[in-house]
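Here's the structure we're looking at; comments come further down.
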Amino acid sequence: MEQIPQIPKEKFRLIHDENNKDQEKIGTPSLTYMQDVRRRLFKDKVAVVCLALISIIVVISILAPIIAPHNPNAQQVTMSNLPPKLGNLNIPGMNGYQNMGGHMVDAYKQADAPKGTFYILGTDYLGRDLLSRIIYGTRLSLVVAVLATLVDLLIGVPYGIVSGWKGGKTDTFMQRIVEIVSSIPNLIVVILMMIILKPGLTSIVIAIAITGWVTMARLVRAQTFQLKEQEYILAARTLGEPSMKIATKHLIPNLSSTIIIQTMFTIPNAIFFEAFLSFIGIGIPAPNASLGTLLSDGQKAFRFLPYQMWAPAIILSVIMIATNLLGDGLRDAFDPQSSEN
Amino acid sequence: MAKYILKRILYLFLTLFIIATITFFMMKMLPGTPFSNQNRMSAEQLKIVKAQYGLDQSVFVQYIRYIGGLLQGNLGTSFQFNNEPVTALIGQRLAPSMQIGAQAMVVGTIGGILLGALAAIRKNTWVDTLATFISILGLSIPSFVLAVLLQFYLAYKWKIYPVALWDNFQSSILPTLALSALPLGTVARFMRTEMVDVMSSDYIELAKSKGNSSWGVVAKHALRNSLIPVVTIIGPMAVSVMTGSMVVENIFSIPGIGEQFVKSITTNDYPTIMGLTIFYSFLLIIVYLIVDILYGLIDPRIRLGNGGKE
């Protein structure tokens, strides 16, 4: 074999040294997927505003016992149906005056309210402070939403993963069940459950949960089917990882975007159902307030005391709009392709 | 295709059977009886009344009878409404519900298509923002809130429409508006996404480069191709319109099946609840079936989940 001549190291030289260095340099720190999502989310002004709004509402309802100015269920019949009044500020619509027979009357004076008493959003027909009831009502609606979401996660996600992971006959069987459950209108299931169980928080959550997990299960299953074929899952299987560990360590983190986005649509749905059931009278029983019962009470008196309907209606709509828009924002943040076309 | 439709119809009956069974046994599990003033009746009278409704038999016999009745199109008799057969009750009340339901779907779908198309054509302008805003409002504000607001302002304050009445077309306008908000929002959003996609495709570029007017391109190519996927959301939309109609009918005192359903729930009228549950499910499954078949006809690729191998 011919001897390869030794070439001294000094003879080698990198051409265009300066240029290359510039090209290879990484200007900004590389972001992880989650950091990237967060950056995209915070760039979306609408989503940020919605996030802020939701955070404020959540904080207020958590701190309800501290923030609420009155006991939400304390009745004071002499103070019934007082219009909104904010201290001594003379803002039209918020000064305690009420249209009675064509001219404005100070309703607080008529009710012989002690000097200095005022209700920021007025009182209802039993003299209960509307602001406190709305704060507590929002709290209850959010509790329903959180519980419904939890059940959704606890049933829907494992169901979807098992169905997608096992495939074959198990999958076919599980999908038949999903098909049947989803072909029953969920409102009907909810109403049937509400009739059988006693009206109340638990029944509402159970009723929503029975039908709510289906969408989540479907999405998770479809996603699991795709993930199953990925190389890293194959690698994990080849290395003999137990299925349980693959599910928690590999599948769930990769499913997180689907799960988070779906959750953002479960929340307004649960809030809507609670309000709906309470509105038709089979939801949260009296005297507890929820947004639905407040709306239903407000609707009865809407003609003469519109403020009793407006306040819960606005809060409910704001929560629904904010969660819907945040859901959109999250979807765009997780999947930038969906909005870039 | 025929095989598929046959299979779907078979499933339809299976689902209905399961729903009927579940509803029946759930109703039997209920505490209390429909004869709430039974204390005033002697034991003998009670026995006669129970025998009249077949409630003296074992649950299993009652179940067989109920299913047998269902097969003959008999949904039982109402406890509440003068012993009328439930089918007769539904028959009397179907027309108003169908009318406002159909009107809401038509108004919502057409409005949504126009709104979504407008937003897509004027993408990233104020028109787009406004259209998106309207569709988000339609999606988010519950129909019963909207119904009460419409009733207060358009009927009570400004007296344009009747407050709560059911006789002519005018009285159906407010409930239709309240119900159409959700389909409008849903369709507009869906339409915008589809249309934006279509507008950036090659065949639209080609049509434009051939010198067609931009409105001609939109009407002839873009609109048509964006419409196909909209068909898929008709099913879920029908569900939400049905849900909404229950309260909206109540608010506007419309003698429809939604109002009847709520009334039978509050009065524990079990046969009516069961009958209406099965009827609602039936309607819904039919809608889903029609949508699936339509979609299979329009777009051969989807034909029944076998990836077009047929």
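Chain letters run A, B, ... following the sequence lines, proteins first and then strands; every chain starts at 1. Please read these numbers as outputs of a predicted model, since none were measured by experiment.
- Contacts of M246(B) with chain A are made by side-chain atoms alone, with heavy-atom separations under 4.5 Å and no backbone atom involved.
- Proximity to chain B involves both the backbone and the side chain of I321(A), based on heavy atoms less than 4.5 angstrom apart.
- If you measure heavy-atom distances from A322(A) to chain B, you find no contacts under 4.5 Å at all.
- Residues F279(A) and V145(B) fail the side-chain proximity criterion, which asks for heavy atoms closer than 4.5 Å.
- Other residues, nucleotides and ligands place no more than 12 heavy atoms under 6.0 Å from the CZ atom of F173(A).
- Per-residue heavy-atom pair counts under 4.5 Å with chain A were compared for I141(B), L16(B), V247(B), and the maximum is reached by V247(B).
- Contact check for D328(A) versus I136(B): side-chain heavy atoms found under the 4.5 Å cut-off.
- To the nearest 0.5 Å, the span separating CG on L137(B) from CG on N324(A) amounts to 10.5 Å.
- Interface remark: I319(A) contributes no atoms to any contact with chain B (heavy atom separation under 4.5 Å).
- In this structure, chain A has no heavy atom under 4.5 Å from any part of R192(B).
- Among all heavy-atom pairs drawn from F144(B) and F272(A), the shortest one is CE2-CE1, 3.9 Å.
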*Determine, step by step, whether L14(B) and R176(A) satisfy the side-chain contact (heavy atoms from CB on, under 4.5 Å) criterion, reporting the C-alpha distance in whole Å, the side-chain angles of both residues, the deciding distance to 0.1 Å, and the verdict.*
CA-CA 11 Å; L14(B) 182 70; R176(A) 277 297 96 73; over 6 Å; no
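- Checked options L316(A), I271(A), L291(A); the residue passing with P142(B) is L316(A) (criterion: side-chain contact (heavy atoms from CB on, under 4.5 Å)).
- The CE atom of M320(A) sits 9.0 Å away from the CG atom of L139(B) when rounded to the nearest 0.5 Å.
- When heavy atoms are compared at a cutoff of 4.5 Å, V262(B) approaches chain A solely by way of its side chain, counted from C-beta outward.
- In the displayed structure, F282(B) atom CZ is contacted under 6.0 Å by at most 12 heavy atoms of other residues, nucleotides or ligands.
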